[in-house]
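Inspection log for the structure reproduced underneath, given as structure tokens.
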Amino acid sequence: MAHIRALSTAVAIGGLVALGSAPAAAQTAEVLHYWTSGGEARAVAALQQEFEAAGGTWIDSPVAGGGGDAQATVLRARVLAGDPPTAVQIKGPNIQDWAAEGALANLDEVAAAEGWDEILPPLLRDIVTYEGHYVAVPVNIHRVNWLWVNPALLEQAGVAVPTTWDEFNAAADALLAAGITPLAHGGQPWQDATVFETVVLGLGGADFYRQALVDLDPDALTSDTMIAVFEQMRRLSGYVDPNFPGREWNLATRMVMNGEAAMQIMGDWAKGEFAAAELQPGSDYLCVPTPGAAGYILNSDSFAFFKVEGEDRIAGQRLLASLILGTDFQETFNLFKGSIPARNDVPPDAFDACAVRSMDDLAQAVAADSLVPSMAHEIAIGRAARGAFLDVVTEHFNSDMTAEEAVERLVEEVELAQ
Ligand code: BGC
């Protein structure tokens, strides 16, 4: 508690300096992130520019590797070595875990000054607060369950955009017969899990999704629906090209752009890649929800600030935290990133059709109770249980394991991980 009070005082001093009162103190932030693809790099560069324009010194610490698993290892090693970064891009239960360890700075003063209680939707507020205190700041809302489509290839094969998994399979078979790779995919565990959770939602609906991927209910994990999910995953493993193992997600997106594959299942960070290549939704590419039951799989990126020493670093943390939810910045950043704003009052006017659809579908999902947190992107459950899903889903995708064997393995591994 005394520590938190001392930190708040230091943060308040940093804030005054940030507002321009003399003497000018340095404001430094070392930012650990994994935004290294074309669209991601544009988005993080916008944050860096905003920070530097406000007088901050930015030290960039990128750790390549989509989904952030490589970064998570680096972060833990740095904290254990007593050298935490000043700011880090983390999310979901990871924020709560670090806060429970007492590692995160309290952001209540910045939050009060910037009115976060009023501008943040409750679903994000829950993610970034711990025991009633702000310990992180959300920067966006990403939707995971998107299908990215090359319309010219679908037309060439004479198929319509699929809206159910049966339609998807029929379209994919027709694409294969026309000599076109149906699915662009990167064989990495988090990407396999991304596809898997969209199938869980599509075949099972939101209630089943919650039972299986949030509550980890053994009956749901071994149900006929889960067997059908793994059978669909087996179908999908036949629709990818032979070079899929290990491929980064953005290279898979590029395959859709270049006409090397017809579709990709990926969150809307993929839209950041289409945007960086100056392609237009509706004509150059299509964004549609993944097949099956309606719903919205939520992912949201946040920045958390580790407790650090040094006035310049504490001032840098406060400055960065206060800039992230600025209205103009939210627009610029999210246009590059492919996501939609974290605050609920940014006008949709500047956003493209995919973002507007994301905003509308999010509101509808909240009303219909079909908003679900992403398992693959670490919003639903902690790292250990998520790891159990990634292991089994990836092993099944890359072997001849039956769906029945997969659910047995899954329920065992999930139980061990709890
Ligand atoms: C993150 C995104 C990121 C994507 C690919 C997701 O888990 O939330 O911000 O673009 O992984 O790295």
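One-based numbering, in listed order, for ligands and for the atoms of each.
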Between W58 and H33, how do the two ring planes meet: parallel, tilted or perpendicular, split at 30° and 60°?
tilted
Quick check on contacts: which atoms of ligand 1 are under 4.0 angstrom from a heavy atom of N299?
1 (C), 6 (C), 7 (O), 8 (O)
At a 4.0 Å threshold, what atoms of ligand 1 neighbour a non-hydrogen atom of K91?
1 (C), 6 (C), 7 (O), 8 (O)
Find all atoms of ligand 1 within a distance of less than 4.0 Å from any non-hydrogen atom belonging to D301, and give their numbers and elements.
1 (C), 2 (C), 8 (O), 9 (O)
Which residue holds the protein heavy atom closest to atom 3 (C) of ligand 1, what is that atom called, and what is the gap in Å?
E40 OE2, 3.2 Å
D83 with R78: basic N within carboxylate O range, under 4.0 Å:
yes
Verify whether one side chain among D241 and T181 offers a donor that lies under 3.5 Å from an acceptor in the other.
no
Donor-acceptor contact present, side-chain R383 to main-chain N94, <3.5 Å
no
Close-contact set for ligand 1 against W249 heavy atoms, below 4.0 Å:
5 (C), 12 (O)
Ligand 1 atoms nearer than 4.0 angstrom to some heavy atom of K337 are 2 (C), 3 (C), 9 (O), 10 (O)
We want to know whether E30 and T86 form a side-chain donor-acceptor pair, criterion being a heavy-atom distance below 3.5 angstrom.
no
Within-4.5 Å side-chain heavy-atom neighbours: V88 and Q71:
yes
For ligand 1, is there an N or O atom under 3.5 Å from any N or O atom of W35?
yes
Within the structure, is a non-hydrogen atom of G67 found at a distance of less than 4.0 Å from ligand 1?
yes
Are any side-chain N or O atoms of E50 and backbone N or O atoms of A46, one a donor and one an acceptor, separated by less than 3.5 Å?
no
Going by the atom numbers of ligand 1, which of them fall below 4.0 Å from some non-hydrogen atom of G66?
12 (O)
